[in-house]
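All chains are named by letter (A, B, ...) in the order of the sequence lines, taking the proteins before the strands, and each is independently numbered beginning at 1.
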Amino acid sequence: MATIPDKPGLEGLEATWGKRWEADGIYRFDRARPRAEVFSIDTPPPTVSGSLHVGSACSYTHTDTVARYQRMRGRAVYYPMGWDDNGLPTERRVQNYFGVRCDPSRHYDDDEFEIPAKAGSLPSGHRAVAISRKRFLELCERLVAEDEVKFEALWRALGLSVDWQYTYTTIGEGARRTSQRAFLRNLARDEAYQADAPTLWDVDDQTAIAQAEMEDKETPGAYHRLAFHRSDGSGDVIIETTRPELLAACVALVAHPDDERYRPLFGTSVRTPLYDVEVPVVAHRLAEPEKGSGIAMICTFGDVTDVTWWRELQLPTRTIVGKDGRILASPPNGLASDGGRARYEEIAGKNVKQAQQRVVEHLAETGEMLGEPRPITHPVKFYERGKRPLEIVASRQWYIRNGGRDAERREAFLQRARELHWVPPYMKQRYDSWVEGLTGDWLISRQRYFGVPIPVWYRVDGEGNVDHDDRVVPDESMLPVDPSAEPAPGYDESQRGKANGFVGDGDVMDTWATSSLTPLIVTAWADDDDLFARTYPMDMRPQAYEIIRTWLFSTVVRSHYETGTLPWKHAAISGWVLDPDRKKMSKSKGNVVGPMDWIEKYGADALRYWAASARPGTDTAFEEAQLKIGRKLAIKVLNVSKFVLNAAGDATLEVDAVTNPLDQSMLAQLGGVVREATAAFDGFDYARSLERTEAFFWRFCDDYVELVKTRSYQTGTDASASAAAALLAALATLQRLFAPILPYASEEVWSWWRDGSVHCESWPDPAELGDPAATGNPLVFDVAADVLGAVRKAKSEAKVSLATPATRVVVRDTEARLGALALAASDVVAAGKIDELVTEAAAELSVTVTLGVAG
RNA sequence: GGGCGGUUAGCUCAGUUGGUUAGAGCGCGUCGUUCACACCGACGAGGUCGGAGGUUCGAGUCCUCUACCGCCCACCA
């Protein structure tokens, strides 16, 4: 026990208690406890991108309040923390921060790169230095290590009750091993496969991307009206396109089967403008008669609909756009005419924008474009972090089956969502609509470097050709492996790339392919069966709604495959933090507020208070005013605790000593608050628990404490003992009710009079308040507070001090309420400085106050 | 085009199965330094609950339609 400071304050509580908690290990997971007594949390690993904004602090606080509640309910809380450091965001940061680019063909020993003394401040016009893959990965690891230290410091200051003995990174050895093991098992069960197919391709990052990473952006474009020529010479067919540069990739025209205008053309062929290639006119239900001229050109590949047509109508392939986003050097099959080849030569090597310009010039020359291009704005598909539109190119990639091509699997994943408890429930809609709209399997391979390698090698035949169907996979005991650095099992490194040798798969997995395994990574699946059995399936997945289609869905997929279960019982979905202008906070908008600055200014409890005011799933605006209120609440907790402990003197917390009806009434109401707060937290609604606790707390301070103040000073009497016991019982309850939200202030005041940490105490139970709470009449406190309020009002309206005596107070009210008032009359008289209190029966409350002479 | 969420005091939000005069905090105004708290307290003003219709003895709460805001999915020639 500690002494109570003369002037309690919030300053320094974070440092003091942070150290104590760490030293005492109060958040350590007790892994001796059986599964039924464990509460395990699949914390989102924050993307290590240099800084965390106040929105992150908000959602992590939500999780922490639940963790603290469950801990107080007696569960062994398994609360690990991870860092999402693998993947493209880190690569991009390394490229910009150090001014480098990865060239996999370089050797480590040849690198001439030196880490700049003052990184991050590259001179303008600096050209990226090419470095080897190995050195590039070193820089990635170095940068994320720095960030992870900063992140942990913030989380600790914020008071997250994480067990820091259990941390992981998505590029760490455990994550790599788990990712590769899960992948190999997917492969063995045919849940993963490789295919050479059209894929969404980001030309800047030079990698394939998944449907989930794609987003639409409104982009300027233009309709071009182009004339195709009927092969029988009977005239032209006019189509409209926004991508005339793909004309050379045209493989057919398509119209709706019921479209009378084009029905006669089905089965015939037309010749393309400029290139004079003969293409068929085909029918397909996806062609829309209302769009453009009602007939469209199919190119390989202009957009995802082209892919559908190409596949379903079994059209040939005429690829003209390369992986670098430029027109391929050699013309596609079928482009035979001299004029066509000459024109193609002029666009070869250009990027699509330049090529479009040249093609339009050609069309103008030949007169095959009707009128001028008509500018429009239309949605175009982009990689969510990309600068240029996606292209679709055919390439060999790895996929995991996610129901996108398979109704049975799709239904299985929809069923999983029904089994999951969603908080709030309507968030399930996002999952359902995403799964129902899937158009293909999940593409997991990326042509990048800082990720988990695909653990596969391919045999090279006697002629030196790679046979992608002749795979070599590692034994699970070898994991993790890096096929581009280690030889395939049974081979020697000298055989790499040689005839009768091997090559390694050079791709890495998408970051979601690893993140989707976080429940398996943190519970040490197949690595530590004991820990796994005690923590999996997990209890809670907290996450933001924007990544339901990625993280949540993909996690459900992987757990379904590996363990045949849901990965967790509850998904708690948090909203966004908006800036005060109701825009989503983001670094690019420059409106990010640093959480650490706010913690220093108002205290961690204040920031947590603001966070905990946002109900689960709802967006919330950042408001400095809310921090001030939280700070005020935390300070009030300190001050009222100090008063109560002083007023109680030597009294001990003995609820049976609570004999006064007003005291019993207060405890009865408090018991109701405990029940509500408990129910709210059981439903993950920290905001409701806080609201109820806070509302009662202010009534407790403003009314109850004022009412019993005088009586509590009459030491040595039963009346005083009753007040002291009730005050202490309420204090012990309130301090614990606040503990999950305001861990620092709660711990501070707890330490003034109790042993041990409040965070290891049991959550309050109404039964602790005993018979007084069970039998107390809630009305007594209400009526007493009402009358006290009326007296204050009279004094306030008379503009006199509250210390001014009221010579006579007449209370008119119902019999029941007057009866309740009588039980607290002496306290009301004392608190209101009332000389004479008179009651009269009436239908409703009215109070007449006669004031004495002021002064 | 399909769907989800929201709309309550100047601001931020509660309002749990429909039940008496719709709540809180902030802000604003007035008063007050009572021995926990001036990083304070007390009191007050302020809303026909987005709109229309319906069910009901009774609707902020249930139903239908509708407007606006935000978002998801689909489409995107």
Side-chain angles (χ1 to χ4, degrees), chain A residues 4 7-11 216 218-219 221 223-224 226 239-243 253-255 286-288 290-299 302-306 376 378-381 424 426-439 545-546 548-549 575-576 578 580 582 584 602-603 610 613-615 617-621 623 625-626 628-629 631-647 676 679-680 685 687-688 691-692 694-695 698 701-702 705-706 709-710 713 788-804 831 833 844:
Chain A
I4 305 174
K7 275 273 177 192
L10 300 175
E11 281 64 34
D216 289 346
E218 283 294 326
T219 308
Y223 278 124
H224 301 72
L226 308 188
I239 64 104
E240 292 198 58
T241 180
T242 55
R243 300 203 62 183
L253 296 189
V254 64
L286 284 182
E288 294 193 33
E290 284 75 36
K291 289 251 168 72
S293 56
I295 187 165
M297 71 171 182
I298 301 173
C299 303
D303 61 37
V304 290
T305 320
D306 280 345
I376 55 153
H378 64 150
V380 175
K381 299 207 178 307
Y426 59 79
M427 288 295 180
K428 176 173 173 291
Q429 295 287 338
R430 290 170 189 259
Y431 178 104
D432 289 344
S433 60
W434 175 253
V435 174
E436 283 160 6
L438 286 170
T439 57
Y545 60 69
E546 68 195 287
I548 287 174
R549 74 181 193 177
W576 270 345
L578 312 170
R582 311 249 96 196
K584 190 197 173 191
Y602 293 106
W610 159 73
S613 309
R615 307 190 93 76
T618 60
D619 292 346
T620 185
E623 269 202 299
Q626 284 294 314
K628 293 181 185 172
I629 299 165
R631 180 179 173 80
K632 186 177 145 176
L633 174 64
I635 290 170
K636 192 76 171 181
V637 168
L638 299 181
N639 282 318
V640 81
S641 295
K642 178 186 163 193
F643 169 77
V644 166
L645 293 173
N646 284 331
E676 285 190 277
D685 195 345
R688 187 180 188 82
E691 179 195 278
R692 293 307 150 108
E694 187 186 9
W698 285 107
C701 293
D702 296 343
V705 167
E706 293 303 325
K709 216 175 229 179
T710 306
Y713 289 139
L788 180 60
V791 173
R792 285 169 176 162
K793 179 176 176 178
K795 293 177 181 176
S796 184
E797 283 173 349
K799 304 196 179 209
V800 297
S801 159
L802 292 180
T804 307
K833 308 226 184 300
E844 60 180 18

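With sequence neighbours excluded, the residues satisfying side chain to side chain donor-acceptor pair (under 3.5 Å) with A:Y545 are A:D619. Partners of A:R792 according to the salt bridge (charged side-chain N to carboxylate O under 4.0 Å, His left out) rule, which considers only residues two or more places apart in sequence or in another chain, are A:D703. A:Q429 meets the side chain to side chain donor-acceptor pair (under 3.5 Å) test with no other residue; sequence neighbours excluded. Not a single side chain to side chain donor-acceptor pair (under 3.5 Å) links A:K628 to another residue, sequence neighbours left out. The side-chain contact (heavy atoms from CB on, under 4.5 Å) search around A:L286 returns A:H284, A:T305, A:T308, A:W309, not counting sequence neighbours. Listed by chain and number, the residues in a side-chain contact (heavy atoms from CB on, under 4.5 Å) with A:V304 are A:L200, A:K381, A:I392 (sequence neighbours excluded). Applying the side-chain contact (heavy atoms from CB on, under 4.5 Å) test to A:E797 and every residue at least two apart in sequence or in another chain returns A:K793. Applying the side chain to side chain donor-acceptor pair (under 3.5 Å) rule to A:R631 yields the partners A:E11; only residues at least two apart in sequence or on another chain are considered.
B:A67 and B:G58: their C1' atoms are spaced 28 Å apart (whole Å). With both ends at atom P, the span from B:C40 to B:G27 equals 10 Å, rounded to whole Å. Only the P atoms considered, B:C28 is 37 Å distant from B:C72, to the nearest whole Å. Comparing B:A24 with B:G15, their C1' atoms are spaced 10 Å from each other, to the whole Å. Nucleotides B:G1 and B:U48 place their C1' atoms 37 Å apart, quoted to the nearest Å. Nucleotides B:G23 and B:G41 have their P atoms positioned 22 Å apart, rounded to a whole Å. Comparing the P positions of B:U7 and B:A14 gives a spacing of 7 Å, expressed to the nearest Å. Between the C1' atoms of B:A77 and B:C4, the separation comes to 31 Å (whole Å).
Where A:G9 and A:M297 each meet RNA chain B at their nearest nucleotide, the meeting point lying more 5' is that of A:G9. Residue A:R615 is the one, among A:R615 and A:I239, whose nearest nucleotide of RNA chain B lies closer to the 5' end (criterion: closest heavy atom).
Across the protein-nucleic acid pair, A:E546 atom CD and B:C72 atom C1' stand 12 Å apart, rounded to whole Å. The interatomic distance linking A:Y431 (OH) with B:G3 (C1') rounds to 18 Å, in whole Å. The nearest whole Å value for the distance from the CH2 atom in A:W698 to the C1' atom in B:G41 is 10 Å. Atom pair A:I376:CD1 and B:C75:P shows a separation of 17 Å (rounding to whole Å applied). As a whole-Å value, the separation of A:Y545 OH from B:G3 C1' is 15 Å. In this entry the distance linking CD of A:E676 with P of B:A14 reads 16 Å, nearest Å. In this entry the distance linking CG of A:D619 with C1' of B:G70 reads 8 Å, nearest Å. The distance between atom CZ of A:R692 and atom P of B:A14, rounded to the nearest whole Å, is 12 Å.
In summary, the side chains of A:W610 and A:E623 do not present any donor paired with an acceptor at a separation below 3.5 Å, with no hydrogens or angles considered.
Taking the ring axis of A:F643 as reference, the NZ or CZ atom of A:K709 stays within 45° of it and closer than 6.0 Å to the ring centre. Stacking of A:K428 on the aromatic ring of A:W434 is not recorded, the 6.0 Å distance cut-off and the 45° axial limit not both being met.
Base-pairing analysis of RNA chain B finds the following stems of at least three consecutive Watson-Crick or G-U pairs, with both pairing distances under 3.5 Å: B:1-7 with B:67-73, B:10-13 with B:23-26, B:28-32 with B:40-44, B:50-54 with B:62-66.
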ask   = In the 5'-to-3' direction, what one-character label does each nucleotide of nucleotides 30-38 of chain B receive under the scheme B = base within less than 4.0 Å of a protein heavy atom, S = sugar-phosphate only, - = no such atom?
value = SSS-B-BBS

inquiry  = How would you summarise protein contacts on nucleotides 4-10 of chain B per nucleotide, using B for base, S for sugar-phosphate only and - for none, with heavy-atom distances below 4.0 Å?
reply    = SS-----

What nitrogen or oxygen pairs link the protein and nucleotides 17-25 of chain B at under 3.5 Å?
none

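Of the possible donor and acceptor atoms, one in the side chain of A:K795 sits under 3.5 Å from a partner among the backbone N and O of A:L802. At least one donor-acceptor pair closer than 3.5 Å links the side chain of A:H224 to the backbone N or O of A:T241. Side chain of A:S641 to main chain of A:V637: a donor-acceptor pair is present (N/O by atom type, distance under 3.5 Å, no hydrogens or angles).
Within 4.0 Å (heavy atoms only), A:E288 reaches at least one base atom of the nucleic acid. A:R631 comes within 4.0 angstrom of a base, heavy atoms only. Nucleic acid contact class of A:R549 (heavy atoms, under 4.0 Å, all strands): sugar-phosphate only. Using a 4.0 Å heavy-atom distance criterion, A:A647 is classed as making no nucleic acid contact. Residue A:L286 is in base contact, counting any heavy-atom pair closer than 4.0 Å across all strands shown.
No side-chain heavy atom of A:L253 sits under 4.5 Å from any side-chain heavy atom of A:I298.
In this structure, the nucleotide among B:U16, B:C26, B:A77 sitting nearest to the side chain of A:A287 is B:A77.
Between atom OH of residue A:Y223 and atom CZ of residue A:R243 there is a gap of 14.0 Å, rounded to the nearest 0.5 Å.
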